[in-house]
Amino acid sequence: MGLISRFSMKHVLFFLVGLFLLLFPFVNDSRSTLILMTQIFIFAVFAMSYDLLLGYTGIISFGHAMFFGLGAYSVGILLSQGDISLLTVGSALIVTIVLCGILSWIVGMLSLRLKSHYYAMLTLALAGLFQVGAEKWRSLTKGNDGFTFRIPQELMDREVFYFIALAFMILSFFFLRRFTKSPLGTVLQAVRENERRAESIGYEVYHYKVAASVVSGILAGLAGVMYGLSLRFVNTAVFGVDMTLDVLLMTIIGGAGTLIGPILGAVMIEFTHDWLSELASLHWIFERWIIIFGLIYILVVMFFPKGLVGTLRKWSIFARKSENKQETNLKTNG
């Protein structure tokens, strides 16, 4: 009975959250809040793509932003150089999928046969290379200043784009949920727990890790496309280490290896960032919001070592075991 009630409560909670997100644009009168929610959906997908590497495969990347940046620049360059139409946006999606797929495959082939920290260092180096390339190729990228671009009329309305970003996040979540529960995803989790044991029972671990790298890279690139369309502006910051660190924090704070965790992490970090930035007008200390943000991160890691979702799951399992133990004792005494 307890299991049924927990199952029902979980679905009721998802239903209420979904209903709130669907009704939010109709009850909200703040344009800035609507834009913030859209950004959260986009970064949630970016964080989930990172979670596939870190949480489900045990691979650390310090340059995941290069895939994100490729997507943002792909849609920005094509819309600024070509027709402003949905067809151009579709072309940008295809270009992003191809470029990110090939790049992540090459990076995986070069580094994942070795230890995962080689992957981390190679992605960091390549992200820096892309950032320098974007700075120097001013005729195409306008350098550090970046450039604005127009988007198709169908995407101009912020409410319409809100629902597109929401659908993008939901579809990405269910795709990754199905992916991680598939036989391939199960092997990836086995690799995360004990790579040598997975190899000893006959799995070609290397190929599975490359597959995870490709899927993660493509999804991060698609999030970059949505980010570019949301801002209608792109500059070299999308390749920066800060972007990767943000998504790393979202994954760790929310709970690696959960998918829901990165979404919750994106909500917390984006809202906290926005809130602390607004407080800068009240007191000078909030101008150094990154310090306060670092303190919040330290507290979360101290009290929620497995992230918010991971720790709550641990508490739930502990409570369930205690409940079962009490029921067993009552039956024995009875």
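Please read these numbers as outputs of a predicted model, since none were measured by experiment.
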query = Val107 versus Thr123: any side-chain heavy-atom pair under 4.5 Å?
reply = yes
ask   = Under the side-chain contact (heavy atoms from CB on, under 4.5 Å) criterion, do Phe24 and Leu34 qualify, and how do the steps go?
value = CA-CA 8 Å; Phe24 180 76; Leu34 194 66; 4.1 Å; yes
request  = Please tell me if the side chains of Met226 and Val45 come closer than 4.5 Å, counting only heavy atoms from C-beta onward.
outcome  = no
key: ring-ring contact (aromatic ring centres under 6.0 Å, His included) partners of residues 78-107, not counting sequence neighbours, each pair once   = none
Verdict with reasoning, Ser91 to Thr88, per side-chain hydrogen bond (donor to acceptor under 3.5 Å, both in side chains) = CA-CA 5 Å; Ser91 301; Thr88 305; 5.7 Å; no
request  = Determine which pairs satisfy ring-ring contact (aromatic ring centres under 6.0 Å, His included) with at least one residue from residues 62-102, sequence neighbours left out, and list them in order.
outcome  = Phe43-Phe68, Phe46-His64, Phe46-Phe68, Tyr50-His64, His64-Phe67, Phe68-Tyr227, Tyr73-Phe239
Gap separating the CG atom of Leu86 from the CD atom of Gln153, nearest 0.5 angstrom = 10.5 Å
key: Stepwise side-chain contact (heavy atoms from CB on, under 4.5 Å) test for Lys136 and Thr141   = CA-CA 8 Å; Lys136 300 300 181 183; Thr141 65; over 6 Å; no
inquiry  = Please check: side-chain N/O of Thr244 versus main-chain N/O of Ala65, any donor-acceptor pairing under 3.5 Å?
reply    = yes
message = Determine whether Gln189 and Thr180 satisfy the following criterion, side-chain hydrogen bond (donor to acceptor under 3.5 Å, both in side chains), listing intermediate values before the conclusion.
response = CA-CA 8 Å; Gln189 293 173 66; Thr180 54; 5.3 Å; no
Minimum heavy-atom distance Ala72-Val238, with the two atoms named = CB-CG1, 4.3 Å
query = Given the rule in the side-chain contact (heavy atoms from CB on, under 4.5 Å) test, do Val234 and Phe149 qualify, once you have shown the distances and angles that lead to the verdict?
reply = CA-CA 9 Å; Val234 63; Phe149 54 90; 4.3 Å; yes
request  = Would you name the heavy atoms of Thr57 and Ala212 that are closest together and state the gap between them?
outcome  = OG1-CB, 3.7 Å
note = Closest heavy-atom pair, Ser30 versus Ser32, reported as atoms and distance to 0.1 Å, is OG-OG, 3.0 Å
task = Assess whether atom CZ of Phe173 is packed by more than 12 heavy atoms of other residues, nucleotides or ligands within 6.0 Å.
result = yes
request  = State yes or no: do Leu308 and Val17 share one hydrophobic cluster built from I, L, V, M, F, W and Y residues joined by side-chain heavy-atom distances below 4.5 Å, directly or via other members?
outcome  = yes
Pairwise side-chain contact, Met66 with Leu129, heavy-atom cut-off 4.5 Å (strictly under) = no
key: Residues in ring-ring contact (aromatic ring centres under 6.0 Å, His included) contact with Phe179, at least two apart in sequence or another chain   = none
CD1 on Ile218 to OG on Ser213, rounded to 0.5 Å = 9.5 Å
query = Looking at residues at least two apart in the chain, or sitting in another chain, which of them share a side chain to side chain contact (heavy atoms under 4.5 Å, CB included) with Thr148?
reply = Phe233
Listed partners of Arg138 passing salt bridge (Lys or Arg N to Asp or Glu O under 4.0 Å), at least two apart = Asp145
message = Please tell me whether Leu171 and Leu219 are part of a single hydrophobic cluster in this structure, the criterion being side-chain heavy atoms less than 4.5 Å apart.
response = no
request  = Go through the steps for Val225 and Leu93 under the test side-chain contact (heavy atoms from CB on, under 4.5 Å), then give the verdict.
outcome  = CA-CA 7 Å; Val225 172; Leu93 292 172; 3.7 Å; yes
inquiry  = Taking the side chain as everything from C-beta on, heavy atoms only, tell me whether Met37 gets closer than 4.5 Å to Leu21.
reply    = yes
key: Within one Ile-Leu-Val-Met-Phe-Trp-Tyr cluster: Ile77 and Leu231, side-chain cutoff 4.5 Å   = yes
ask   = If you draw a 6.0 Å radius around CG in Asn28, do more than 12 non-hydrogen atoms from other residues or ligands fall strictly inside?
value = yes
inquiry  = Strictly distance-based, threshold 3.5 Å: is any side-chain N or O of Ser74 a donor or acceptor partner for the main-chain N or O of Leu70?
reply    = yes
Quick one: side chains of residues 246-266, donor-acceptor pairs under 3.5 Å with protein atoms, not counting sequence neighbours, listed by atom name and distance.
unit_1	atom_1	unit_2	atom_2	d
Thr251	OG1	Val247	O	2.9
Thr258	OG1	Gly255	O	2.5
Thr258	OG1	Gly261	N	2.9

task = Kindly compute the distance separating CG (Leu229) from CD1 (Ile42), expressed to the nearest 0.5 Å.
result = 8.0 Å
task = Kindly compute the distance separating CZ (Phe163) from CZ (Phe41), expressed to the nearest 0.5 Å.
result = 9.0 Å
query = Less than 4.5 Å apart, any side-chain heavy atom of Leu79 and any of Val89?
reply = yes
inquiry  = For the CZ atom of Arg178 and the CG atom of Leu184, what is their distance to the nearest 0.5 Å?
reply    = 11.0 Å
key: Minimum side-chain heavy-atom gap Leu54-Ile59 below 4.5 Å   = no
task = Please report the shortest heavy-atom distance between Ala134 and Thr236, naming the atom on each side.
result = CB-CG2, 3.6 Å
query = Out of curiosity, Leu176 CG to Asp51 CG, how far, rounded to the nearest 0.5 Å?
reply = 8.5 Å
query = Are Met156 and Val160 co-members of a hydrophobic cluster defined by side-chain heavy atoms under 4.5 Å apart?
reply = yes
key: Contact check, side chains of Thr38 and Arg158, non-hydrogen atoms, under 4.5 Å   = no
Student check: side-chain heavy atoms of Leu166 and Leu22 closer than 4.5 Å = yes
ask   = Would a distance-only check, ignoring hydrogens and angles, find a side-chain to backbone donor-acceptor pair under 3.5 Å from Asp83 to Ser85?
value = no
inquiry  = Give me the atom names and distance for the closest heavy-atom approach of Ala44 to Met169.
reply    = CB-SD, 3.8 Å
query = If you group Ile, Leu, Val, Met, Phe, Trp and Tyr by side-chain heavy-atom gaps below 4.5 Å, do Phe271 and Phe20 land in one group?
reply = yes
Heavy-atom closest contact (Leu52 atom, Ser216 atom, distance) = CD2-N, 3.9 Å
